[in-house]
There are 2 protein chains.
Amino acid sequence: MGARAEYVTRPREWITSILAREPRFLSAAQIHERAKRLGMRVSLSTVYRTLDHLLAKGGVTTRAQSDGEATYLLCAPAQHHHHAICRRCGRVDDVDCSVTDQFAQSLRARHGFNIDEHAMEFFGTCGDCR
Amino acid sequence: MGARAEYVTRPREWITSILAREPRFLSAAQIHERAKRLGMRVSLSTVYRTLDHLLAKGGVTTRAQSDGEATYLLCAPAQHHHHAICRRCGRVDDVDCSVTDQFAQSLRARHGFNIDEHAMEFFGTCGDCR
DNA sequence: ATATTTGCAAATAATTTGCACGTAA
DNA sequence: TTACGTGCAAATTATTTGCAAATAT
């Protein structure tokens, strides 16, 4: 009963390899362009479907850009962590989940990352809803 | 030279009043629907343009939903702060920016918010880009 | 009077879907 | 062989834009 079979196909390998080669959030369109540039013939819809597939499998993280475009990063969450994103080149560094006042400093020391902005959101249930 | 004149119009007052009445991130479409329901005749494009206007003025914060749809909250950042978002009703509470390990507990005590998930992102310049 | 804002309809842009064909198992 | 994946073109959905008419100043 049930577990769905899963095929290893060329498009899937291509897309995964493109994600694997760069520590950056990439949009579906960017992935598609790089694939073309590398001589890999994949359709944009396959890129979308493969990304959905990877999301479901848990091998990828998404992030909505401020303009609403979705971007994807190869990221199997070994441990719960967050991301430091370079606003110039987009490079992503993993940051473990322990937040303090000296966070920026330690980040700078440990990762060479100079943090000048951060955002966070908390989700749960408010007093009225309990 | 130059400060642009700014008109106070009914659509703008309407949209602001709708945002003001609820501590929740609302999409342009939701705002538009509520306006109609309240007998306010505004076009959806005006909703979008007014939201852009409020964003530029700094009276509103945006947040992209996971599906990419943009949502808006009346939020003039008196001090730098973050948001606690109820995942059941969407209610937003302000949270001042000091993050510790006992964060969830203090949030629960101070705001009645039961946090079971959070996300954060850091932006800056990575080692390679300096 | 005139600069600014609005409504409407059409244009964009990202993403999704239906379906016939291709392919891994 | 057959369930699963892909390509293509068309459909959806959120958002933006051009322009003539309305409105705040």
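None of these values were measured; they are calculated from a predicted model. Order of the sequence lines sets the chain letters (A, B, ...), proteins ahead of strands, with each chain counted from 1.
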Visitor: Could you name each residue pair satisfying ring-ring contact (aromatic ring centres under 6.0 Å, His included) that touches residues 41-76 of chain A, not counting sequence neighbours?
Guide: none
Visitor: Minimum heavy-atom separation for Val60(B) and Leu55(B), please, with both atom names.
Guide: O-CD2, 3.3 Å
Visitor: Looking across every strand, which nucleic acid part, if any, lies under 4.0 Å from Ala29(A) by heavy atom: base, sugar-phosphate, or nothing?
Guide: nothing
Visitor: Between the side chain of Arg41(B) and the main-chain N/O of Lys36(B), is any donor-acceptor distance below 3.5 Å?
Guide: no
Visitor: Could you give the distance from CG (Leu44(B)) to CZ (Arg49(B)), rounded to the nearest 0.5 Å?
Guide: 10.0 Å
Visitor: How long is the straight-line distance from CD1 of Ile31(A) back to OG1 of Thr16(A), given to the nearest 0.5 Å?
Guide: 9.5 Å
Visitor: Minimum heavy-atom separation for Leu74(A) and Gly59(A), please, with both atom names.
Guide: CD1-O, 3.6 Å
Visitor: Go along nucleotides 18-25 of chain C 5' to 3' and tag each nucleotide: B for a protein heavy atom under 4.0 Å from its base, S when only backbone or sugar atoms are that close, - otherwise.
Guide: B-----BS
Visitor: In terms of the nearest nucleotide of DNA chain C, which residue is placed more toward the 5' end: Val47(B) or Ala5(B)?
Guide: Ala5(B)
Visitor: To the nearest Å, how far apart are Ile31(A) CD1 and dA14(C) C1'?
Guide: 14 Å
Visitor: Do Met40(A) and Ile18(A) have side chains that get closer than 4.5 Å, going by heavy atoms?
Guide: yes
Visitor: Hey, could you give me each pair passing ring-ring contact (aromatic ring centres under 6.0 Å, His included) that has a residue in residues 15-41 of chain B? Not counting sequence neighbours.
Guide: Phe25(B)-His83(B)
Visitor: Which donor-acceptor pairs under 3.5 Å do side chains of residues 5-14 of chain B form with protein atoms, sequence neighbours excluded?
Guide:
{"residue": "Thr9(B)", "atom": "OG1", "partner": "Arg12(B)", "partner atom": "N", "Å": "3.3"}
{"residue": "Arg12(B)", "atom": "NH1", "partner": "Tyr7(B)", "partner atom": "O", "Å": "3.2"}

Visitor: To the nearest 0.5 Å, tell me how far Thr50(B) OG1 sits from Ile15(B) CD1.
Guide: 3.5 Å
Visitor: Check the distance between dT4(C)'s P and Arg12(B)'s CZ and give it to me in whole angstrom.
Guide: 11 Å
Visitor: Can you tell me how far the CG atom of Leu73(A) sits from the CG atom of Leu19(A), to the nearest 0.5 Å?
Guide: 8.0 Å
Visitor: Of His53(B) and Asp67(B), whose nearest nucleotide on DNA chain C comes first from the 5' end?
Guide: His53(B)
Visitor: Quickly work out the Gln65(A) CD to dA13(C) C1' distance and round it to whole Å.
Guide: 13 Å
Visitor: Could you give the start and end, 5' to 3', of the contact zone on DNA chain D for chain A, using atoms under 4.0 Å from its heavy atoms?
Guide: dA3(D) to dA9(D)
Visitor: Which residue lies toward the 5' end of DNA chain D, Ala70(B) or Leu44(A), if each is placed at its nearest nucleotide?
Guide: Leu44(A)
Visitor: Enter the inter-axis angle for the ends of the helix from dA1(C)-dT25(D) to dA25(C)-dT1(D) (five pairs per end, rounded to 10°).
Guide: 30°
